[in-house]
Amino acid sequence: MEFTSMRFLLFFPVVAVLYFAIPQKFRWIWLLISSYYFYMSWSVKYTVLIAASTIITYLGGLFIEKANNISDKKRSVKLKKLYAFLSIAINLGILFLFKYLDFFFYSIKRVFSWFDFSINTPFFNLILPLGISFYTFQAIGYIVDVYRGDAPAEKNLGKYALFISFFPKLTAGPIERSKDLMHQFDEVHSFDYDRVKDGLLLMAWGYFQKIFVADRLAILVNMVFNYPQNYKGFEIFIASIFFTFQIYCDFSGYTDIARGAAEVMGFNLSMNFERPYFAKSIKEFWRRWHITLSHWLRDYVYIPLGGSRCSKVRHYFNIMVTFLISGLWHGAGMNFVAWGGLHGIYQVTGDMLKPVKTKFINRFKIDTNQFGYKLFQVIVTFILVDFAWIFFRADSFTKAVMMVKNMFYFNPWIFSDGSLYEMGLDSKDFQMSVIGIMVILFINFLQRTKNLRVELSKQNILFRWVIYIAGAMLLLTFGVYGPAYDYQQFIYSHF
Amino acid sequence: MVKKAIFKGSIFLFIIMLIIVYLGPIFTVKISHRYKLIQGLYEHTGNAYDVALMGSSHMNSGIDPNVLWNEYGITSMNYATGGQTIDVTYYVLKEALKNHKFSVVVVDLYYLGLTGKYGDEGYIRNVLDNMRFSENKFEAILNCTPSNQWIAYFFPFYKYHNRWKDLKQEDFKPDDSTDYFTKGFGAGHDMYGKDSLSDISTTETSDIPPKTKDYLYKFIDLSKKEGFKLVFMNAPHDYTETESSTDWVKEPAKMFNKVAEISKENGIPFINYNNMFDEIGFDFKTDMYNMGHMNVQGAQKVSTNLGKFLKDNYKLADHRNDPKYSKWNEDYDIDAQTEAALYLTEEQSIKKYISMLKNKNYIVAVSCNNFTLFNDNKLLKKGLTDIGLKAGQSDMDDNYIAVINNNSVVSETSSSTGLKYSFTLEDGISLSDATSNDDTSMPSIMINGHEYSSGSSGFNIVVYDKLLNRVVDSICLDSNNRIKR
């Protein structure tokens, strides 16, 4: 059940209304039933996987806590490690089986082929279970938190299952921590008009990002990235910029719908985006993009590896490993590894060149507080991120390389001879795409200093209602949805 | 707080729904069948028709109300649309009955053969998108379309919102009177050229698919309830057309034998034109447009036969001389002129073309800047003689101009130098005819300020139809007798 489907638009109000209608003690049960129904509407049989992951980590948590109480410290640590290892290994094993097995065998075959050995490897072509990377990471995070003593083990299997499967964040995050979310299931959430309204507004903004912007951009992006051999120069350049905004609006749109839906019911889910394309460095970009994944990787990979409190070489190694894992997490393919690798290289290179940059700034007495300098930083960061997205979106590493090569071709005539509008979007939809991007950037710009929902609530009722109705009609008229469209799944629900 | 939310939420949703419902008809694609449905269902009410003609494209191109009018004085409306399934036809009839009291309803049963549960969405939309919201439309959506499409039928805006970039003036202000003179009939001129491969010799019967059979009986029940006479018909078509279809009965001939039995049991006439080719002089090769649909010529034959049947078997008044029905005569004339214009625009032989110019409603303007090339063209000259032009008999100089109005020559001049004449004809129609053999922008034929000539060297003819108030054709004949448009 996609957030953009008619089914969800019926499902969510029913869940929310009944949530408030039933007594508090049954509410979590209702949410659990709703969440499993939500998941089963995609696949009944794969529900077994999420249930298995839940039970394993639930038991893992209990066993770790139990081992923690053993007076023999040595044995206690040994057992805790064993339980944590088993829980994590089984979860990663399931993830590996469904997500990476084919890639693994394919990679072995490729390696052998370099030495002129031809081997036959099996190909399983298993369907990737929806949201598996998200709930697996969340479950692993829980185990590590319990192991470290950062969070208590949850005793109630049902509530723990809800923590893993809570439907707003089930398919594409945010990746929540038990200490942030678990207690909310016990809180009393009464019906609050302003909060419900705010939640619905956030959902509406999410829908705008998804069906007005992302799904329109997707038409051109799909055309160019699916048939890259047909395009060159500015065509690839435009497609890469469009994808840069498509993936942002798609994922940020999903997150806002998720956070808004949760907010309607009184839950507070973590922020996942904070105007990422306004970042002035790659490091800052990762503090603004997919924040919950960045935190997860920081806390469970980067810091355990040693973080930055070690030698330069080791530090760079830690960065590279973290980003390569991030790449692999997004998809089983060399292009994802390359994307992660590129971001790692950006950061390592940035760090290595820091003295040169400082020298340059001092030499030419550049005022780094000036708007021009900041804008330059934002643009350079955007270009680097945009370039890396080509690898992320391309069907394969080879195609990505081909596109990068073909991008260096000067064909400005496409802006005047009409071929700009032969990439899937006609002139009107192309213009609407650009307007969509402008609106996103403008709203993001305003969000730097203002909470727009608060600002809107300060306005008089007539103004607010005109905005609500005009916004709804703009979305319904210009949104890319309905039976005439082959609707686009949320990109991140594939990961 | 909950009450406030319910109150405000309801108002918000109500406003949005209101806007969506209002925008629905604007965004809906204005297909050609739209107009006949609106005209026949909602505009021309008050016993406007004695006979309703219902069905799919076979009926649409099969029975011409103008023939029924011209030959028998019967008023009728053809409600058929392409791909209209029998269940949809039932609801169209029910909707029509809200505003009309028909003496006779003729239903074509081609779609009785559909074994699938639903017809093609596009075809069903042709009908349902153009029906006003009513109990009939509601029932039609529930019974004739799959549930996953209901929202898009109830709220066409959901389906068509992406037309924001294609909206034109006609979407906001559609001219619902468009082509009313056809009374819903539409057929092509091409000839199929092949015989029917249908095996009609069988006397066996086979079952009618359950859903369509239900609707067959629903028609019978409705006729009893509403008090109209029901006639079933099966328009000429090649039964083998659907033999490879997976959602169609395998042996239509046997199914129609079953229909004959049911009709007989219920005292309803069933006219199966596929068994009557000899009787009505129907030639499948020349009277069909393709293997499923009649052309205009075939429709004329079948309509004449049906009209006779209706006249002989039901008390239908002949309204032809009734002044209240004078508009029907005007519509008939416009329809005839429209057909004539279509034939004219399709004609490639100059001999036939010139003979078609003998029409009292035509103003024919000729302009040529190289007539000396045509002086030896016997074919052309014979034609020009037939329509009364001197150029048919004698040689002319290069620059030649002629104007014919109401089958009479208004002007005919030839000169070795350029010519330019202006005329004001009846109803204020202005005509400017000019030619020059040393000006590349010539010849020129302007009517009411617009240039219609091709501007090419050659024998240019522009035909203006006074009844239709428009130029119906503009050609340029080259020295090899090739007509260019």
Side-chain angles (χ1 to χ4, degrees), chain A residues 4-7 9-10 13 16-17 19-21 189-201 204 211-212 215-216 219 264 266 421 425-433 435 461-462 464-487, chain B residues 1-31 118-126 128-129 141 144-168 171-172:
Chain A
T4 48
S5 67
M6 288 305 296
R7 280 183 78 181
L9 295 181
L10 292 173
V17 167
Y19 175 77
F20 290 117
H189 298 148
S190 52
F191 185 90
D192 181 306
Y193 176 81
D194 289 326
R195 193 199 64 229
V196 169
K197 188 185 75 182
D198 277 358
L200 292 174
L201 276 175
I211 66 172
F212 190 111
D215 285 356
R216 180 172 279 111
I219 299 168
V264 166
Y421 307 127
L425 293 175
D426 60 25
S427 61
K428 289 170 190 164
D429 261 320
F430 193 94
Q431 287 154 13
M432 201 52 81
S433 302
I435 290 171
I461 185 164
L462 185 68
R464 276 185 283 127
W465 275 69
V466 167
I467 293 287
Y468 297 154
I469 290 166
M473 286 319 301
L474 283 173
L475 191 59
L476 289 171
T477 307
F478 301 110
V480 180
Y481 69 93
Y485 281 97
D486 185 13
Y487 80 107
Chain B
M1 199 175 276
V2 175
K3 275 184 189 167
K4 182 181 166 189
I6 293 172
F7 178 69
K8 286 195 169 182
S10 304
I11 289 180
F12 178 76
L13 287 177
F14 179 74
I15 293 171
I16 295 294
M17 293 293 254
L18 215 62
I19 298 173
I20 286 175
V21 168
Y22 172 75
L23 292 178
I26 294 172
F27 278 71
T28 300
V29 179
K30 310 295 178 295
I31 50 110
Y118 305 109
D120 183 276
E121 185 194 351
Y123 288 139
I124 292 176
R125 284 200 163 276
N126 280 351
L128 298 188
D129 283 346
I141 291 171
C144 311
T145 68
S147 57
N148 62 356
Q149 294 173 5
W150 287 352
I151 292 172
Y153 278 106
F154 284 122
F155 303 102
F157 183 77
Y158 179 63
K159 168 102 183 159
Y160 298 114
H161 68 96
N162 191 46
R163 289 195 66 237
W164 59 267
K165 53 188 174 184
D166 301 322
L167 293 179
K168 295 184 176 67
D171 289 304
F172 293 89

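Quick note on labels: first sequence line is chain A, next is B, and so on, each numbered from 1.
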Q | Heavy-atom pairs under 4.5 Å with chain A, option from Q149(B), E121(B), K4(B), R163(B) with the top count | A | K4(B)

Q. Is any side-chain heavy atom of D198(A) closer than 4.5 Å to a side-chain heavy atom of R195(A)?
A. no

Q: Name the region of F20(A), side chain, backbone, both or neither, that has any atom closer than 4.5 Å to a heavy atom of chain B.
A: neither

Q: For side chain to side chain contact (heavy atoms under 4.5 Å, CB included), just list the numbers for T477(A) and F27(B), CA-CA rounded to whole Å, side-chain angles, deciding distance to a tenth of an Å, and then say yes or no.
A: CA-CA 10 Å; T477(A) 307; F27(B) 278 71; 3.9 Å; yes

Q: Examine whether an atom of A152(B) lies under 4.5 Å from a heavy atom of chain A, and if so say whether it belongs to the side chain, the backbone or both; otherwise answer neither.
A: side chain

Q. Relative to chain B, which segment of D194(A) carries a heavy atom at a distance below 4.5 Å: side chain, backbone, both, or neither?
A. neither

Q. Checking heavy atoms, do the side chain of L476(A), its backbone, both or neither come under 4.5 Å from chain B?
A. both

Q: Look at the aromatic rings of Y421(A) and F430(A) and report parallel, tilted or perpendicular, splitting at 30° and 60°.
A: perpendicular

Q | Identified side chain to side chain donor-acceptor pair (under 3.5 Å) partner of T145(B) from the options W150(B), Y118(B), Y153(B) | A | W150(B)

Q | Which portion of Y160(B) sits near chain A, non-hydrogen atoms under 4.5 angstrom | A | neither

Q: For Y468(A), look at atom OH and say whether over 12 heavy atoms of other residues, nucleotides or ligands are found less than 6.0 Å away.
A: yes

